[in-house]
> 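Before anything else, here's the structure in question.
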Amino acid sequence: MEKLFAVVIKDQIGKVISALADTGVCHFIEKPGNRDLSKHKALLAFVERRVDEVLFNLPRIEAQIIDIEVVNDVDKTLCELVDDVTTCVENNTCNNIDIKKKVRYLRSVYSILELCDKTPYTYAFDAWVPEGKHELIKATIDEASNGSNVIHFSHPEFGETPPTLLLNPGMMKPFEVLVKMYGLPSYYEIDPTSILFFTFPLIFGIMYGDVAHGIILFLLSIALFKSKKKVRRGLVLQDFSPILMMCAIFSIIFGFMYGDFLGMKFPPLWMEPSMNIAYFLVLSLWIGVIHLVLGLSLNAINLWMNKKYIRAIFQMQWIIFSASSLFFYVSFLDLQLNERIRSFLTLLVLPGSVWLPEAY
């Protein structure tokens, strides 16, 4: 991310804000402006009330006439909208959908205007812009303001926290949904989407390897792909379709490797879990520890990148402890009594050496 500082002439600020919003890559920085827009918001509420009176046959409420100082193109649009609503309500010719759209547009523009600094002739604002989008943003502002602007890009300063933008290839994009469900990584942390893309369906396939179950899940993923039902705001069932499809494919693959079809057995390509319980128990331990070590390693890298070197070193101790404990569990039953006691004491001392420095 890079920081955009722009100064735009007053008469064009509404067009500039609207054009930047249409690009979908500009994130305005939240900081208090120096302008009170309560009157403008009251006028917008008045317009909405007049439309609702027509739509829902509400009793008419006499509104106070609010005068605002027209200083930019947004204020002009608002005043024109108030005049249009007053006229069309009296003549019963309102296009309610268009009016609602204009109200929504003006409300969003005014919310951004509150973040702008005002001078007698211009507005100034800051925003975060993804790297590589300089020319797009510059061309957008130039076109919307007719060249009446000043633009400057700079890198984030120490202590600033730019917003996180996840950039992944098309195949990995759906797995961003899972990352967002647990919480977005900060700007200074590694994006785990690419790792989740491989580990999530792989572990699912290992756990639920069955050809018939995989086929059912695959058909369900196709049904979800055609679904438009919303799970929550900004999230639809369709977003989970590629994830479920990947899990279904791995479930089918491991179903053939295990020789499982709806609980019925056929010659496996690899081995049958029910006949090799000890092997798969050890395998599950290995997979769990590798997954844990991978997460701890990412955390250690994030700490090191953020210059928290001591905490990063202690994180490496946890990685060593996790890996060494697995060797203990696997080999414990094959040891003699004295060796078992010695190994068990080692397993008690090792975590203590990790926890003690972190306590201080």
Side-chain angles (χ1 to χ4, degrees), residues 1-5 20 23-31 115 126-134 136-137 153-204 231-236 239-240 242-244 246-247 286-326 351 354-355 357-360:
M1 285 283 185
E2 291 197 295
K3 196 173 185 179
L4 163 70
F5 172 74
L20 288 175
T23 64
V25 298
C26 194
H27 182 87
F28 292 91
I29 296 176
E30 296 185 10
K31 62 176 185 177
L115 310 178
D126 296 313
W128 294 112
V129 177
E131 293 182 8
K133 299 294 183 180
H134 301 149
L136 171 64
I137 296 299
F153 290 97
S154 61
H155 292 288
E157 297 179 2
F158 181 77
E160 290 185 315
T161 54
T164 301
L165 179 64
L166 300 180
L167 295 174
N168 293 286
M171 289 182 64
M172 297 182 184
K173 203 77 177 171
F175 284 81
E176 291 178 1
V177 175
L178 294 177
V179 175
K180 292 175 182 177
M181 287 176 69
Y182 285 96
L184 277 173
S186 75
Y187 179 77
Y188 300 102
E189 293 179 337
I190 297 172
D191 178 11
T193 306
S194 56
I195 297 171
L196 203 62
F197 173 74
F198 293 103
T199 58
F200 190 85
L202 175 63
I203 294 176
F204 184 91
V231 180
R232 61 183 183 188
R233 186 178 179 182
L235 190 65
V236 295
D239 297 331
F240 295 96
I243 302 171
L244 189 60
M246 286 284 291
C247 292
W286 273 108
I287 293 172
V289 170
I290 290 171
H291 203 244
L292 178 63
V293 168
L294 183 60
L296 293 171
S297 300
L298 288 178
N299 193 29
I301 295 170
N302 287 333
L303 291 170
W304 192 272
M305 289 170 57
N306 287 279
K307 300 181 179 180
K308 299 176 181 178
Y309 303 118
I310 303 298
R311 289 184 62 188
I313 292 170
F314 289 146
Q315 196 73 17
M316 294 302 296
Q317 288 181 316
W318 275 111
I319 295 170
I320 295 169
F321 168 65
S322 300
S324 61
S325 61
L326 175 64
V354 176
W355 293 331
E358 285 193 335
Y360 292 96

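No hydrogens, no waters, no symmetry mates; every other heavy atom, side chains included, goes into these values.
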> With heavy-atom distances below 4.5 Å as the criterion, would you say the side chains of Glu189 and Thr164 are in contact?
no
> Would you mind reporting whether Leu165 and His27 have side-chain heavy atoms less than 4.5 Å apart?
no
> Just how far is it from atom CZ of Phe240 to atom CG of Leu178, taken to the nearest 0.5 Å?
7.0 Å
> What pairs with Lys3 under salt bridge (Lys or Arg N to Asp or Glu O under 4.0 Å), at least two apart in sequence or on another chain?
Glu160
> Quick one: closest heavy-atom pair of Trp128 and Pro163, and the distance?
CD1-CD, 3.1 Å
> Drop me the distance from Glu176's CD to Leu166's CG, to the nearest 0.5 angstrom.
4.5 Å
> What is the distance from atom CD of Glu131 to atom NE2 of His155, rounded to the nearest 0.5 Å?
6.5 Å
> With rounding to the nearest 0.5 Å, note down the distance linking NZ in Lys133 to OG1 in Thr23.
9.0 Å
> Side chains of Ile137 and Leu20: closer than 4.5 Å at any heavy-atom pair?
yes
> Quick one: CG on Asp191 to CG on Asn168, what's the gap to the nearest 0.5 Å?
4.5 Å
> Search all heavy atoms of Ala312 against all heavy atoms of Ala300 and return the closest pair with its distance.
CB-O, 3.7 Å
> Can you list everything that forms a ring-ring contact (aromatic ring centres under 6.0 Å, His included) with Tyr309? Sequence neighbours excluded, please.
Trp304
> Once rounded to the nearest 0.5 Å, what's the spacing between atom CZ of Phe153 and atom NE2 of His134?
5.5 Å
> Do Ser154 and Glu2 come within less than 4.5 Å of each other through their side chains, counting heavy atoms only?
no
> Show the atom names and distances, to 0.1 Å, of all donor-acceptor pairs under 3.5 Å that link a side chain in residues 195-204 to residues at least two apart or in another chain.
{"from": "Thr199", "atom 1": "OG1", "to": "Ile195", "atom 2": "O", "distance (Å)": "3.0"}

> Considering all heavy atoms of both residues, which atom of Phe28 and which atom of Ala127 are nearest to each other, and what is their separation?
CA-CB, 3.9 Å
> Is the shortest heavy-atom distance from the side chain of Tyr188 to the side chain of Asn302 under 4.5 Å?
no
